[in-house]
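Below is one structure, written out as structure tokens; the observations come after it.
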Amino acid sequence: MTQETPQWRPRLKDIANQEELFTSGQRLCAGCPAGSMARMAMHALPRPKNTIVSQATGCLEVASTIYPYTAWRVPWMHSLFENAPANASGIEAAYKARKRQGLEDDIPDLLVFSGDGSGFDIGVQAASGAIERRHNFLYIIYDNHAYQNTGIQRSGATPKYAWTTTSEVGKKEPGKLLWKKPIALVYAAHDPAYCATASVYHWRDFMKKVRKGMEVEGPAVIHVLSPCHRNWRYPEEQGMQMAKLAVETCFHPLWEYEGETRKYILSAPSRVFALKPEKKKPVEEWLELQGRFRHLFRPKRRDDLIADFQRLTDEDWAFIQKLSNMG
Amino acid sequence: MPKKLPGSKDIPPAGVTWKPATEYRTGDWRSKRPIRDEEKCTRCLTCWIFCPDAAISWDGQDIHFDLNYCKGCGICAEECPVNCIEMEDE
Ligand SMILES: Cc1ncc(C[n+]2csc(CCOP(=O)(O)OP(=O)(O)O)c2C)c(N)n1
Ligand code: SF4
Ligand code: SF4
Ligand code: SF4
Ligand SMILES: [Mg+2]
């Protein structure tokens with residue numbers, strides 16, 4: 001992943017000829033961006049026929065492998081919510097051992113998918129260990145801001161003031177009381193070979209990052225924002241627009257961490273807002289489109305809470321700009 | 001005599017899911033269908049990349065909607081840069 005390597009650029013007319021490795025017939029909700037996210041990732045694989053997917057429990061897993069059906073056209077393994085990266089470690093170790101014994105001549109590429117419930121909370125230990133042991137895999141965390149599959153429970157990824165079924169809105173509490181974990185920074189601090197944030201709307205940026213994460217030797221992590229209309233409460237055709245606005249408000253800045261240079265780099269879709277801060281949109285524009293934040297606007301507008309959300313967003317944005325020498 | 005239900009010995013080990021999901025038609029979830037203006041369409045494939053359900057295919061010349069699987073979400077219509085897809089009630 002040195003600067004000299006020509007960067008792969010996905011061209012739609014080429015990749016649209018490729019086989020779908022995450023197929024139709026999956027049972028995610030209509031309009032669930034996690035389906036688009038999985039398709040984009042699979043279309044960005046450098047060695048699609050030599051890739052194994054390990055998956056944590058969550059919407060993407062449950063909806064894609066309802067017995068006896070599977071939407072995956074690659075070898076795919078699910079066991080538990082907490083151990084998808086550990087599974088990948090084991091698969092790699094097994095292939096290495098078999099190669100030593102002369103039983104294999106190739107070690108397949110390994111891709112791990114998990115939701116935020118797993119990637120932010122329940123699976124962190126397994127992920128942290130697999131990165132420390134320098135296994136060669138890409139860990140994609142698709143973040144829809146809650147434990148959606150079990151009925152919208154708040155997670156470490158749920159933003160402050162968001163309604164979920166375990167961060168209720170009422171007289172005493174205005175939704176979740178805590179901010180979300182800066183999870184990509186937590187994984188970047190492990191000094192993996194590669195780490196990045198992405199959004200499902202910015203497909204070209206995301207696919208390039210998937211390709212990098214798969215090609216680099218050693219552990220790689222991508223935290224990709226993937227909205228959920230069942231929780232966020234927006235019309236189902238708006239999923240991509242929700243991801244777009246999250247980037248335009250700098251609530252979800254896009255960046256990369258390169259292990260080789262130990263540098264943080266702002267990605268093009270976010271760099272524009274560092275160079276031209278006047279283009280950055282107020283986070284309120286994103287909040288008010290979502291029913292999970294309705295109580296910030298109705299029945300009474302809560303300027304205090306909106307300002308607090310804006311302050312937290314700005315602080316995080318300033319921090320990543322500083323890390324990438326843009327602030 | 002009622003037919004004997006499959007037992008644990010009849011299920012593949014580790015609960016392997018072996019049938020292609022494409023045998024399951026999600027098209028009947030749909031309450032709206034995408035209708036494209038073929039004249040206006042620039043074949044840019046934006047709809048193709050965003051469709052969560054891989055219900056749009058590309059044959060090298062043109063795109064096709066597969067209504068066996070399209071769930072009618074309207075993302076393609078929303079994201080089409082030239083607004084040439086209308087969602088029509090079923
Ligand atoms: C240890 C454990 N606790 C709880 C569950 C039940 N469970 C299954 S999926 C899920 C939510 C997954 O949330 P997330 O990872 O964010 O994925 P999403 O469903 O939001 O896509 C939960 C709590 C489980 N399978 N294992
Ligand atoms: S609940 Fe949300 S994340 Fe899960 S399938 Fe439905 S839209 Fe997607
Ligand atoms: S996004 Fe619109 S213009 Fe582009 S291929 Fe699809 S229908 Fe045609
Ligand atoms: S309506 Fe939704 S499922 Fe149907 S083709 Fe368009 S994006 Fe795909
Ligand atoms: Mg989730």
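In what follows, every chain begins at residue 1, and chains take the letters A, B, ... in the order their sequences are listed.
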| said: Can you tell me how far apart SG (C73(B)) and CD (E237(A)) are? Round to the nearest 0.5 Å. | reply: 8.5 Å
| request: Take atom CZ of R30(B) as the centre, draw a 6.0 Å sphere, and report whether it contains more than 12 heavy atoms from other residues, nucleotides or ligands. | output: yes
| query | Between C70(B) and chain A, which part of the residue has a heavy atom less than 4.5 Å away: side chain, backbone, both or neither? | reply | neither
| message | With chain A as the partner, which of W29(B), Y24(B), W18(B) has the greatest number of non-hydrogen pairs under 4.5 Å? | response | Y24(B)
| said: Take a 6.0 Å sphere around CD of E104(A) and say whether it holds more than 12 heavy atoms from other residues, nucleotides or ligands. | reply: yes
| Using non-hydrogen atoms only, which part of M207(A) is less than 4.5 Å away from chain B: side chain, backbone, both, or neither? | side chain
| query | What part of I56(B) is in contact with chain A, defined as an atom under 4.5 angstrom from a non-hydrogen atom: side chain, backbone, both or neither? | reply | neither
Listed pairs under 3.5 Å, donor-acceptor, residues 74-83 of chain B side chains, sequence neighbours left out:
unit_1	atom_1	unit_2	atom_2	d
E78(B)	OE1	Q238(A)	NE2	3.3
E78(B)	OE2	Q238(A)	NE2	3.3
E79(B)	OE1	Q241(A)	NE2	3.1
E79(B)	OE2	Q241(A)	NE2	3.0

| query | Would a distance-only check, ignoring hydrogens and angles, find a side-chain to backbone donor-acceptor pair under 3.5 Å from K13(A) to R43(B)? | reply | yes
| task | Under the side chain to side chain donor-acceptor pair (under 3.5 Å) rule, collect the residues that match up with Y147(A), sequence neighbours excluded. | result | D121(A)
| note | Between F50(B) and Y201(A), the two heavy atoms sitting closest are CZ-O, 3.4 Å
| Check: P52(B) main-chain N/O paired with R39(A) side-chain donor or acceptor under 3.5 Å | no
| query | Where along residues 68-87 of chain A does a heavy atom come under 4.5 Å of chain B, listed by residue number? | reply | P68(A), Y69(A), T70(A), A71(A), R73(A)
| Options G35(A), S64(A), A16(A), ranked by heavy-atom pairs under 4.5 Å with chain B, top entry | A16(A)
| field | Close side-chain approach of L12(A) to W58(B), heavy-atom, < 4.5 Å | value | no
| query | In Å, rounded to the nearest 0.5 Å, how long is the span from OG1 of T46(B) to CH2 of W203(A)? | reply | 7.5 Å
| query | Can you check side chain to side chain contact (heavy atoms under 4.5 Å, CB included) on I66(A) and T17(B), steps first, answer last? | reply | CA-CA 7 Å; I66(A) 296 175; T17(B) 51; over 6 Å; no
| message | Are there residues of residues 20-30 of chain A whose heavy atoms fall under 4.5 Å of chain B's heavy atoms? If so, which? | response | E20(A), F22(A), T23(A), S24(A), G25(A), Q26(A), R27(A), L28(A), C29(A), A30(A)
